[in-house]
Amino acid sequence: MTAVTPTSATDVAVVTVGAAPLRPDEVVAVARHGALVELAPEALARVAATRALVEGLADDPEPHYGISTGFGALATTFIAPERRLQLQASLIRSHAAGTGAEVEREVTRALMLLRLQTLATGHTGVRLVVVETYAAMLNAGITPIVREYGSLGCSGDLAPLSHVALAAMGEGRVRTASGEEVDAAEALAAASVAPLVLREKEGLALINGTDGMLGMLLLALHDLSVLLDTADVAAGMSVESQLGTDAVFAADLQALRPQVGQAVSASNLRAVLAGSGIVASHRDPAVCTRVQDAYSLRCSPQVHGAARDTAEHALLIASRELAAAVDNPVITDDGRVESNGNFHGAPVAYVLDFLAIAVADVASISERRTDRALDRARSNGLPPFLADEVGVDSGFMIAQYAAAGIVSELKRLAVPASVDSIPSSAMQEDHVSMGWAAARKLRRAIDGLSRVLAIEVLTASRAIDLRAPLEPAAATGAVRDLVRTVAGGPGPDRYLSPEMEAVTVLVQSGAVAAAAGLGGAASTISSSRDQEI
């Protein structure tokens, strides 16, 4: 499975770096949609001022960590001035030790942008040319090839960031804007970008950061905002097609438990089911003899809402991280050069793991709703497996198997990475965050959720058709009509996989949520700089 890549366009064409902390939507715009970056003049002034301080310390016969010493467990080793260019290059070459599959272009671009933002704070001590080179690479669409394994999330995402720094030096391999793999030197020359020759402090400044895990968190939150709206739509379609009640979603009932996300999801369900002829057909107690619906129907707002609140908490942490300047050592506002531990990825790693739990549970309740629609003992009159000719056709039996298999994997992916510290660097880095690993598994989990929801939407669309001549709500009917543009209605068994893939694309793009009248990211997760920091 691949990562979700919603195709919803962004209206951010140029992102200014260094004037204020980047917004989440700006990161998505650059990483996913190719928005250009520009450097704020005040950022350039800060960079120049702190670089002058670093160059003064470089001439000091007393050792200063990261400027005139080795790194990590070799931090007490003084490096003579004539060896420092070699020291910087050696640091990057040795740390560019990633292995495994190539990570997605959008992940690398997010990582580059976030490192650029930290460089632009003036707290890292790099030269202006370093900042300008990273901006130029982003604008030229030069994407260094970064490998999946290599980061322990402390000191930040060392290996992934080193692959980027290596490319800026004109070494290693990159992809061009067209996706062609070439030598970094060739790509830089074609874009008229001179390879960097790193000087004191710059190697550390380019690789000490949580940029990879943070970038993947921001992309995941963007994708999840679409999927949580879609989950509400899918739940509404299941409630409707299985002759469930909308009475439990009433605002006054929800207000008795003042959970914010729950209220949003319940409101969405009320909107999706408004005016449903199917729901109205059994609203009379004389017609409907059931006391209450199963939890997977009745408790959808509680589960989806909890996931929304988890995402809001993750956004709060991400917003604080966007306002951070993560490096070691750092240049303080009063001109001190200080070692610190801010590169540790624990804050980001924890919420990445928390989101994986929420994603698994939203997928789990979705799969249970799908399964109910296929079971004639629980579906309130629908044919077994929604088959056309029972006994000859299997209907959606194996589609539910696919959903169940994904949910089982999502449970495994929900096991936290952040508790699995493993020592490194001769016990100097004896507790690490594993945030990069947490981010990688969350991307896979979000892709899985999109597929489980697509199967529910496809299943509920057929179930709604089988309730004819009863009419669905306007919103659910619009979604059913959208599904019918890529998948057939009830009938004999046919090749189902292409239809499942096509509906997955509709889910991932936000088209399903939009067809139901829900607002995607805007209604779920704030992208404002006004988040508490």
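Please read all numbers here as calculations on a predicted model, not as lab measurements.
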So side-chain hydrogen bond (donor to acceptor under 3.5 Å, both in side chains) across residues 42-56, not counting sequence neighbours, yields Arg51-Glu55
Salt bridge between Asp25 and Arg32, side-chain N to carboxylate O under 4.0 Å? no
Side-chain donor or acceptor of Thr121 paired with backbone N/O of Thr118 under 3.5 Å: yes
Spacing of Glu200 atom CD and Leu87 atom CG [to the nearest 0.5 Å]: 9.0 Å
Contact list for residues 136-145, test side-chain hydrogen bond (donor to acceptor under 3.5 Å, both in side chains), sequence neighbours left out: Arg105-Thr143
Between His95 (side chain only) and Ile207 (backbone N and O only), is there a donor and an acceptor less than 3.5 Å apart? no
Salt-bridge test for Glu409 and Lys441: reply yes if a basic N is under 4.0 Å from a carboxylate O, no otherwise. no
Option among Leu166, Leu161, Val164, Leu119 that satisfies the side-chain contact (heavy atoms from CB on, under 4.5 Å) test with Leu206: Leu119
Look only at the side chain of His33 and the backbone of Ala35, and say whether a donor-acceptor pair between them is shorter than 3.5 Å. no
Give me the atom names and distance for the closest heavy-atom approach of Ser151 to Gly156. OG-O, 3.7 Å
Donor-acceptor pairs under 3.5 Å, side chain of residues 180-193 to any protein atom, not counting sequence neighbours: which ones?
{"from": "Glu181", "atom 1": "OE2", "to": "Arg173", "atom 2": "NE", "distance (Å)": "3.2"}
{"from": "Asp183", "atom 1": "OD1", "to": "Arg173", "atom 2": "NH1", "distance (Å)": "2.7"}

Does a side-chain heavy-atom distance below 4.5 Å link Arg320 with Pro347? no
Flag the pair Leu224 / Leu449 as yes when at least one side-chain heavy-atom distance between them is below 4.5 Å, and no otherwise. yes
Taking all non-hydrogen atoms of both residues into account, name the closest pair between Gly209 and Val326 and its distance. CA-CG1, 3.8 Å
Kindly give the heavy-atom pair with the smallest separation between Leu352 and Leu442, and that separation in Å. CD2-CD2, 3.7 Å
Compare every heavy atom of Ala110 with every heavy atom of Gly215, then report the nearest pair and how far apart it is. CA-CB, 3.9 Å
Closest approach of Leu217 and Ala318, non-hydrogen atoms and distance? CD2-CB, 3.7 Å
Is any side-chain N of the basic residue among Arg199 and Glu202 closer than 4.0 Å to the acidic one's carboxylate O? no
Between Leu39 and Leu116, is there a side-chain heavy-atom distance shorter than 4.5 Å? yes
With the side chain counted from C-beta on, respond yes when Leu322 and Leu114 share a heavy-atom pair under 4.5 Å apart, and no when they do not. yes
Is there a side-chain contact between Ile455 and Ser366 (heavy atoms, below 4.5 Å)? no
Are Asp447 and Arg443 ion-paired here, with the side-chain N under 4.0 Å from a carboxylate O? no
Are Asp327 and Lys201 within salt-bridge range, i.e. N to O under 4.0 Å? yes
Nearest non-hydrogen partners of Gly212 and Trp436, listed with the distance: CA-CZ3, 3.7 Å
